[in-house]
There are 2 protein chains.
Amino acid sequence: MAYKEKEIEKIYYSIGEVAEIFDVAPSLIRFWESEFDLIQPKKNRKGNRQFTKEDIDHVRTIYHLVKEKGFTLQGAKEMLRNDAHSVRDKMDLLDSLKKVRQFLVQVREKL
Amino acid sequence: MAYKEKEIEKIYYSIGEVAEIFDVAPSLIRFWESEFDLIQPKKNRKGNRQFTKEDIDHVRTIYHLVKEKGFTLQGAKEMLRNDAHSVRDKMDLLDSLKKVRQFLVQVREKL
DNA sequence: ATTTCTTTTTCTTTGTACGCCATGAGGGAA
DNA sequence: TTCCCTCATGGCGTACAAAGAAAAAGAAAT
């Protein structure tokens, strides 16, 4: 299982691999990179992008805002202006609040 | 000041007045009405839209999500799926959280 | 007060600019 | 062959804006 171990511990991921993770085209990853400062993968001397897990997590944040939450690119940029790291957590908190409210509404309806 | 009193207590507002409030074109208000169930102003028998203050507040919610927060129309619709009333409040809470975090980061930097 | 003319506001339908990518050319490295 | 690069161009749908017609509201004159 040495190979598998190596896979798990892989440091860099190609743009094709990243694209596959999110089921999007590589061109979209490149486009987002051109739009968002948050995405800045290293490039080897050949020019190929090398994504770390952290880079991929940044892509995940963009994906979350744009594809799941429905922000425009401009809106996503605004969201990222202050705090890039915890935006996803806060959006999830927002969802939690909505769920809590939903629950309370149901409780009230029972009374 | 009877006239002014009457103005203040006005019940219905025209689409032009509503558009002016948000500094947008009347056509945009009509378009939003066609897109969002939340906006459903009464129409007189001539067909002219008559917006109550509550209707205007619904427009304000759409404006907030689309023009200030940067949601796509689809994203805004998703936000409104569960709870139309308190979305604005929650988004403001989100902003508050961001401000609190910003403050804490600054405090940490001082140490 | 009423008629006439002009401007404003509204309506629905149709048109369109731009955001958000996708595709293609032309090429390099493994 | 396959995956990657840059740069240019293409294209589809979103998000409105414009066009055209009709009604209403002023304004001027009688």
Side-chain angles (χ1 to χ4, degrees), chain A residues 6-7 10-52 55-56 59-80, chain B residues 3 6-7 10-52 55-56 58-80:
Chain A
K6 204 169 182 183
E7 277 297 318
K10 182 154 57 178
I11 296 178
Y12 292 126
Y13 296 80
S14 72
I15 193 169
E17 291 171 315
V18 175
E20 195 176 11
I21 290 173
F22 299 102
D23 193 28
V24 299
S27 63
L28 180 56
I29 304 293
R30 292 194 196 95
F31 176 68
W32 281 352
E33 178 188 336
S34 75
E35 288 289 313
F36 293 92
D37 296 338
L38 183 61
I39 302 181
Q40 282 179 336
K42 230 181 84 179
K43 293 187 182 182
N44 61 18
R45 77 179 154 295
K46 196 189 127 196
N48 287 14
R49 290 164 178 78
Q50 303 186 134
F51 292 81
T52 64
D55 288 328
I56 294 175
V59 174
R60 194 184 315 281
T61 296
I62 306 296
Y63 183 89
H64 184 246
L65 291 175
V66 173
K67 294 297 184 185
E68 295 176 344
K69 286 300 160 184
F71 279 92
T72 64
L73 298 196
Q74 187 57 42
K77 286 173 192 172
E78 279 296 318
M79 282 295 287
L80 295 172
Chain B
Y3 179 71
K6 204 169 181 183
E7 277 295 320
K10 182 153 58 179
I11 296 177
Y12 292 126
Y13 295 80
S14 72
I15 192 169
E17 290 171 316
V18 175
E20 194 177 12
I21 289 173
F22 299 103
D23 193 27
V24 299
S27 62
L28 180 55
I29 304 293
R30 293 193 196 95
F31 174 67
W32 282 352
E33 177 189 336
S34 75
E35 288 289 314
F36 294 92
D37 295 339
L38 183 60
I39 301 181
Q40 281 179 338
K42 232 183 82 181
K43 291 188 182 182
N44 61 17
R45 79 179 153 296
K46 193 196 131 198
N48 287 13
R49 290 162 179 79
Q50 304 186 133
F51 292 80
T52 64
D55 289 327
I56 293 175
H58 291 158
V59 173
R60 195 185 314 282
T61 296
I62 306 296
Y63 183 90
H64 184 245
L65 291 175
V66 173
K67 292 299 183 183
E68 295 176 345
K69 287 298 159 187
F71 280 93
T72 64
L73 298 196
Q74 187 56 43
K77 287 172 192 172
E78 278 298 317
M79 284 295 287
L80 295 173

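Each chain gets a letter, A, B and so on, in the order its sequence line appears, and its residues count up from 1. Every heavy atom of this structure was used, including side-chain atoms; hydrogens, water molecules and symmetry mates were not.
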Starting at atom [atom1] of [X], determine the distance to atom [atom2] of [N], rounded to an integer number of angstrom.
X	N	atom1	atom2	answer
Tyr12(B)	dT10(C)	OH	C1'	18 Å
Ile15(A)	dT2(D)	CD1	C1'	15 Å
Asp23(B)	dC16(D)	CG	P	14 Å
Ile29(A)	dC3(D)	CD1	P	16 Å
Asn44(A)	dC3(D)	CG	P	17 Å
Arg45(A)	dA30(C)	CZ	P	8 Å

Side chains of [X] and [Y], heavy atoms from C-beta outward: is any pair under 4.5 Å?
X	Y	value
Thr61(B)	Phe36(B)	no
Tyr12(B)	Asp55(B)	no
Ile62(A)	Leu80(A)	yes
Phe51(A)	Ile29(A)	yes

task = Could you tell me whether Asn44(B) atom CG has more than 12 heavy atoms of other residues or ligands within 6.0 Å of it?
result =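 Check passes, neighbour count above 12.
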ask   = Got more than 12 heavy atoms from elsewhere within 6.0 Å of CD, Glu20(A)?
value =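 It does not: Glu20(A) CD has 12 such atoms or fewer within range.
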query = Going through the distances and angles, do Val24(A) and Tyr63(A) end up as a side chain to side chain contact (heavy atoms under 4.5 Å, CB included)?
reply = CA-CA 10 Å; Val24(A) 299; Tyr63(A) 183 89; 4.1 Å; yes
B/S/- contact track for nucleotides 17-29 of chain C, protein heavy atom under 4.0 Å = ---SBBB----BS
Show each protein N/O and nucleotides 6-8 of chain D N/O combination with a separation under 3.5 Å, one pair to a line.
unit_1 : atom_1 : unit_2   : atom_2 : d
dT6(D) : OP1    : Lys43(A) : NZ     : 2.6
dT6(D) : OP2    : Arg49(A) : NH1    : 3.0
dT6(D) : OP2    : Arg49(A) : NH2    : 2.9

key: From Gln40(B), Lys42(B), Arg30(B), residue fulfilling side-chain contact (heavy atoms from CB on, under 4.5 Å) relative to Arg49(B)   =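 Among Gln40(B), Lys42(B), Arg30(B), the one meeting side-chain contact (heavy atoms from CB on, under 4.5 Å) with Arg49(B) is Arg30(B).
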